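Step one of this worksheet: look at the structure below.
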Amino acid sequence: MRKPLRLLALTGVAAALLTLAAGLLVWSGWYNVSAVAQHWSPVFKLMEYAMRQSVRHHARAIVAPPQDAAMSVRGAALYRQHCLSCHGAPGLPPATAGLSMQPVPGPLADAEHKWEDRELYWIVSNGVKMTGMPAWQNHLSEAQRWDIVAYLRAMPDLTPASQTVSGNDADPTQLAGDIERGRIALTQYACQSCHRIPGVVGPDTQVGPALAHLASQHYVSGALPNTAGNLARWIMHPKRYKPGGAMPELGVSAQDAADMAAYLRDADRGKPP
């Protein structure tokens with residue numbers, strides 16, 4: 001009996017120490033809640049895991065109705081009105097507020113790979129605490145919420161919408177890029193919501209290609225010879241160089257583009273921030 005009691009006592013002491021450490025961290029104000037500073041990777045992963053498990057648990061009894069094309073058409077209009085500003089759509093960027101939120105709302109083009117229909121319906125209906133995702137159950141009818149789910153199911157097969165090229169024609173090749181500013185700029189334009197970026201904390205996304213080892217690639221998105229200047233130009237005006245692509249125009253400034261290109265091309269990336 002002594003061994004179990006000793007193990008129980010040690011577990012209790014460890015739990016108490018962890019609770020004390022967490023309390024001191026909160027009380028001291030040391031953890032940075034600024035939306036410019038990303039969450040620590042373990043904090044982000046814990047929040048995302050807790051959210052996934054919670055949604056799956058609370059949505060388990062929901063029964064999804066049959067879907068048809070008319071539902072997704074109605075859902076597209078509702079999505080544009082209520083969801084586009086934070087999540088964007090194929091070829092359409094989120095509004096400025098949605099780009100720099102932490103955690104980033106991110107695109108929903110890969111939602112079908114991550115969630116069941118009943119889980120998407122639960123999220124639309126109830127929202128998610130501490131993310132900015134609102135609950136729509138008191139603002140949209142049950143049928144409207146299922147229409148949005150139908151649209152999310154159809155989204156991966158949609159053709160990226162044509163976009164007007166931004167009027168920002170400054171030349172980023174004349175600017176020196178700063179690697180650390182580039183890392184911050186990538187988070188403020190929500191690039192990690194579509195791409196896996198070494199050293200940038202983000203979701204396990206399947207929307208865009210991973211951006212590791214960019215310096216060793218011959219072309220930028222198959223469209224331009226891979227130089228720092230061309231990468232910056234691509235970041236600023238993806239529609240100009242690949243009109244049918246899903247990469248949206250985000251209004252990136254020339255300096256931000258130069259900084260982001262410098263970070264992405266840095267051969268030493270790959271370590272956690």
Side-chain angles (χ1 to χ4, degrees), residues 35 51 55 59 62 64-129 131-168 188-195 202-203 205-208 235-240 242-252:
M51 185 266 288
V55 171
I62 296 174
Q67 297 178 6
D68 55 39
M71 290 176 67
S72 64
V73 171
R74 293 192 301 268
L78 291 165
Y79 183 93
R80 180 177 288 272
Q81 181 180 0
H82 299 295
C83 314
L84 183 66
S85 60
C86 282
H87 294 283
L92 293 167
T96 303
L99 288 173
S100 56
M101 292 172 66
Q102 293 291 342
V104 61
L108 297 175
D110 63 343
E112 67 169 351
H113 299 297
K114 296 181 177 179
W115 304 103
E116 300 290 338
D117 286 358
R118 63 177 181 271
E119 294 166 348
L120 289 170
Y121 176 80
W122 189 94
I123 293 172
V124 172
S125 300
N126 294 278
V128 182
K129 291 176 182 175
T131 67
M133 173 65 189
W136 291 103
Q137 61 181 331
N138 295 113
H139 306 285
L140 298 174
S141 69
E142 179 179 352
Q144 287 176 316
R145 284 174 272 149
W146 280 116
D147 287 346
I148 290 176
V149 172
Y151 172 69
L152 294 177
R153 278 280 173 250
M155 187 185 289
D157 298 322
L158 298 179
T159 301
S162 299
Q163 293 295 293
T164 301
V165 173
S166 165
N168 178 11
Q188 293 302 294
Y189 287 100
C191 301
Q192 77 277 20
S193 66
C194 286
H195 304 277
T205 180
Q206 303 180 50
V207 176
I235 291 170
M236 290 177 67
H237 299 302
K239 294 294 182 188
R240 179 176 297 174
K242 198 170 184 180
M247 174 78 172
E249 297 270 340
L250 296 172
V252 180

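Positions are given from 1 along the sequence. Fair warning: this is a prediction, and the values are worked out from it, not measured in the lab.
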Mind checking the [atom1]-[atom2] spacing from [X] to [Y]? Nearest 0.5 Å is all I need.
{"X": "Leu78", "Y": "Met71", "atom1": "CG", "atom2": "CE", "answer": "11.0 Å"}
{"X": "His237", "Y": "Met247", "atom1": "NE2", "atom2": "CE", "answer": "11.5 Å"}
{"X": "Trp146", "Y": "Ser141", "atom1": "CH2", "atom2": "OG", "answer": "12.5 Å"}
{"X": "Ser72", "Y": "Met155", "atom1": "OG", "atom2": "CE", "answer": "11.0 Å"}
{"X": "Glu249", "Y": "Arg240", "atom1": "CD", "atom2": "CZ", "answer": "7.5 Å"}

Nearest heavy atoms of [X] and [Y], plus distance in Å:
{"X": "Met133", "Y": "His87", "value": "SD-NE2, 4.3 Å"}
{"X": "Pro107", "Y": "Ser193", "value": "CD-O, 3.2 Å"}
{"X": "Asp147", "Y": "Arg74", "value": "OD2-NE, 2.9 Å"}
{"X": "Val104", "Y": "Ala190", "value": "CG2-CB, 3.4 Å"}
{"X": "Pro238", "Y": "Ile235", "value": "CD-O, 3.8 Å"}
{"X": "Gln192", "Y": "Gly202", "value": "CG-CA, 3.9 Å"}

For Asp117, what residues pass the side chain to side chain donor-acceptor pair (under 3.5 Å) criterion, not counting sequence neighbours?
->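 If we apply the side chain to side chain donor-acceptor pair (under 3.5 Å) test to Asp117, skipping adjacent residues, the hits are Gln67, Arg153.
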
Answer whether the closest heavy-atom distance between the side chains of Leu140 and Ile148 falls below 4.5 Å.
->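 Heavy-atom side-chain distance check passes, below 4.5 Å.
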
Check the pair Met51, Thr131 against side chain to side chain contact (heavy atoms under 4.5 Å, CB included), reporting the backbone distance first and the verdict last.
-> CA-CA 10 Å; Met51 185 266 288; Thr131 67; 5.8 Å; no

Test ring-ring contact (aromatic ring centres under 6.0 Å, His included) applied to Tyr79 - qualifying residues, sequence neighbours left out |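 For Tyr79, the residues satisfying ring-ring contact (aromatic ring centres under 6.0 Å, His included) (neighbours in sequence not counted) are Tyr151.
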
With His195, which residues qualify under ring-ring contact (aromatic ring centres under 6.0 Å, His included), at least two apart?
->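 ring-ring contact (aromatic ring centres under 6.0 Å, His included) list for His195, sorted by chain: empty.
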
Kindly assign one of parallel, tilted or perpendicular to the pair Trp136 and His82, based on the angle between their ring planes and the thresholds 30° and 60°.
-> tilted

State whether the side chain of Lys239 and the backbone N or O of Gly245 hold a donor-acceptor pair below 3.5 Å, judged by distance alone.
-> yes

Exactly one candidate in Val55, Leu152, Val149 meets side chain to side chain contact (heavy atoms under 4.5 Å, CB included) with Trp115; the answer is Val55

